[in-house]
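I have placed the structure first, in the form of C-alpha cells, so that the comments after it can refer back to it.
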2 protein chains.
Amino acid sequence: MADVAGQLAGIPLFSGLLRAQYEALSRIGVSRSFRKGERIFSEGDEGTGFYVVCGGRIKIFKVSTEGKEQILHLCGPGESFGEVSVFTGQGFPADAVAALPSTVLFFPRVAFSSLIRQDPALALNMMAQLSMRLRQFAGLIEDLSLKEVPGRLAKYLLYLSGRDGKGTVNLDVSKGQLAALLGTIPETLSRILAKLNRRGLIRLRGAQIRILDRRGLEEIALEGKRLP
Amino acid sequence: MADVAGQLAGIPLFSGLLRAQYEALSRIGVSRSFRKGERIFSEGDEGTGFYVVCGGRIKIFKVSTEGKEQILHLCGPGESFGEVSVFTGQGFPADAVAALPSTVLFFPRVAFSSLIRQDPALALNMMAQLSMRLRQFAGLIEDLSLKEVPGRLAKYLLYLSGRDGKGTVNLDVSKGQLAALLGTIPETLSRILAKLNRRGLIRLRGAQIRILDRRGLEEIALEGKRLP
DNA sequence: ACATCCCTTTGACGGATGTCAAAGCCCTTT
DNA sequence: AAAGGGCTTTGACATCCGTCAAAGGGATGT
C-alpha cells in the first residue's frame, strides 16, 4: 500500500507518465474492497467516477427484463471500467459486480477530469484504452451475431490456452458465468462441452480442460464447423 | 467548400473548439468522395487516419468467413469512424463501404495525433465520442444476446419513428441491409415484418412502414413478447 | 458421516431461426 | 412492350438453442 504511485505505473491506462503525474493520481484515487458477489454499481446509477482493478475480478454485464445476463467484460488486475460515464455524464451503461474478492481504485470524475485537462499524455492513454475496448466490443458483436455457440466457445478456449500458454486451461469462472460470457445458458454450454469431449477435441475434468485437438477447435472457431 | 472550418464546428467530435483550432483541423483534413458501394477500407488495412462523414452514409460492418455480414454502425453526416485505429496503431477492426454516394473528411493519423497532444479540449471531445460509441456497442451487444429478432426490429422501428417524429417511417436502407443491421437474414426479417403486418401492429407498403400500434411494438421491444 | 445447497449435467420438447429453393415484383435496359 | 436482373417474399425443412424438469455431484456446515 505504501507505493500506490508505483502500482499505477503498471496499469495500461496510466503507462508512460511522469513521477509527478503518478503522485497526482495517487492523491485522487481511493482504494475500495468488495466481497465476492458484492455490487459496485448498477445500470443507470450516476457515474461519479471510474475504477481500476487492483486485485480480483469485476464482472461487467447487462441483464434482460427476464433476468438473463450477458457479460460484457471480466475485468482483471490493471483493467479499468466505468470510464464511459466520466465523459458522457450519463449513468453507468451496465452493472458491475465483484466476481471474486476484489480491490479497486476509484477515481472521482471531477478530480480526474481536471487532471486530464492539464495532461494530454494521460488523455492519449485513455483514448487508447477506450479504443481497445471498442475493438473488443466489435469482436464480441461479431461473434454473437456471426458465430454459433460452439464457435464462440472454441474461440474462448483457444484464447485461454494462448493466454496461459498451456495445453490445459483452468476456467477462471463458473460454467454458468462462462455461459453468460458466451451469450448462452449453462445447459447449452454443458451440452456443447460434452460434445467436444466425445469428439476427442478436448478432455473434460471439472473446471480443467485439456486441449487435445487445437486444429479442430480452430476450425470450429473460424468456420463455425458442424459437430454432428 | 469555402468555409471548411465552419463546417467542422457542427461536428460533435469537434464541438466547442476555438477558431484557430478549426483552422488547424481544416488544414490537415482531406476531402474524399465515394460512389455508392465503394469501399473506404477493409478489415485489417493499416489505419493511416480516421474519417468524418460530411454527406451520405457509411456502413461499418464485419463479415463472417461464409460471407454473412453484421453491420456495426451506419454513419451519417457529422459522425466519425476509424478513430480506433488512430490510437491502437493496429489495422482497422472492420470494413467500411459507402451505403450511399458520400463525402467524407479524412484526417491523417500523425498530423491529428500531434494536434491532440497540444490540445486537451480536442482530446476530451474525442473521448466523449469514443465513450458514446462504446455505450452504443454495449446496447447492441445487449440486444443481440438478450433479445430475439422481433424485439430488435420493433426497437429499430420505434427508433426511426422517433427520429423522424412521424407515424410513418421510411427505411433508409434496403431490407437486406436492415437484416444485416439487426443481425439476421432477409428471409427472417421479411417473415417477421409480415407477421407484424398481419397482427395489425404496422402497415407495410414497400419501404414505407406506418406504425399502427406503438404500444404493442414497445412491449415487443422491451419484453421480447411472443407473436403467435 | 450426514444433510443441505448450489452448480452442473442430462433428457424431452418446442419454438425460432437459418438454409435451400422457387416464385413474385419492381426497376432498368433493350 | 418485352426482357432481364436484383431484391423481396413465401414455402418446406433441418437444426440449433432455450425452456422445463429432474437427477447427479461436490462442497460446506452441522
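Residue numbers start from 1 in every chain, and the chains themselves are labelled A, B, ... in the order their sequence lines are given, proteins ahead of strands.
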Winner on side-chain proximity to Ser174(B), out of dC17(D), dT8(D), dT8(C), is dT8(D)

What is the distance, to the nearest angstrom, from the CD atom on Glu148(B) to the P atom on dC16(D)?
18 Å

To the nearest angstrom, the CG-P distance between Asn197(B) and dT8(D) comes to 16 Å

Under the 3.5 Å rule, do the base of dT8(D) and the side chain of Arg205(B) count as making a donor-acceptor pair?
no

Taking all atoms of both residues into account, what is the closest heavy-atom pair of Phe92(B) and Gly49(B), and its distance?
CZ-O, 3.6 Å

Mind calculating the distance between CG (Leu189(A)) and C1' (dC7(C)) to the nearest angstrom?
12 Å

Kindly point out which of dT9(C), dT10(D), dT17(C) is positioned nearest to the side chain of Arg191(B)?
dT10(D)

Does a side-chain N or O of Lys195(B) approach OP1 or OP2 of dA16(C) to a distance below 4.0 Å, or not?
no

May I have the distance from Ile185(B) (atom CD1) to dT8(D) (atom C1'), rounded to whole angstrom?
13 Å

Distance, rounded to the nearest Å, where Gln177(B) contributes CD and dC7(D) contributes C1'
11 Å

DNA chain D: 5'-proximal contact among Thr188(A) and Thr188(B) (nearest heavy atom):
Thr188(B)

With a 3.5 Å cut-off and no angle check, do the side chains of Arg32(A) and Thr103(A) form a donor-acceptor pair?
no

Just the rounded figure in Å: distance from P of dG11(C) to CD1 of Ile192(A).
16 Å

Whole Å only: how far is the CG atom of Leu193(A) from the P atom of dC7(C)?
17 Å

According to a strict under-4.0 Å criterion, is Lys175(A) in side-chain N/O contact with OP1 or OP2 of dT9(C)?
yes

Centroid-centroid under 6.0 Å between Phe107(A) and Tyr51(A) rings:
no

Using only heavy-atom distances, decide whether a donor-acceptor pair under 3.5 angstrom links the side-chain of Arg198(B) to the base of dT9(D).
no

Atom CD of Glu187(A) and atom C1' of dG14(C): how far apart are they, to the nearest Å?
15 Å

So, Arg203(A) versus Gln208(A): side-chain donor-acceptor pair below 3.5 Å or not?
no

Could you tell me whether Lys62(A) and Glu69(A) have a side-chain N and a carboxylate O separated by less than 4.0 Å?
no

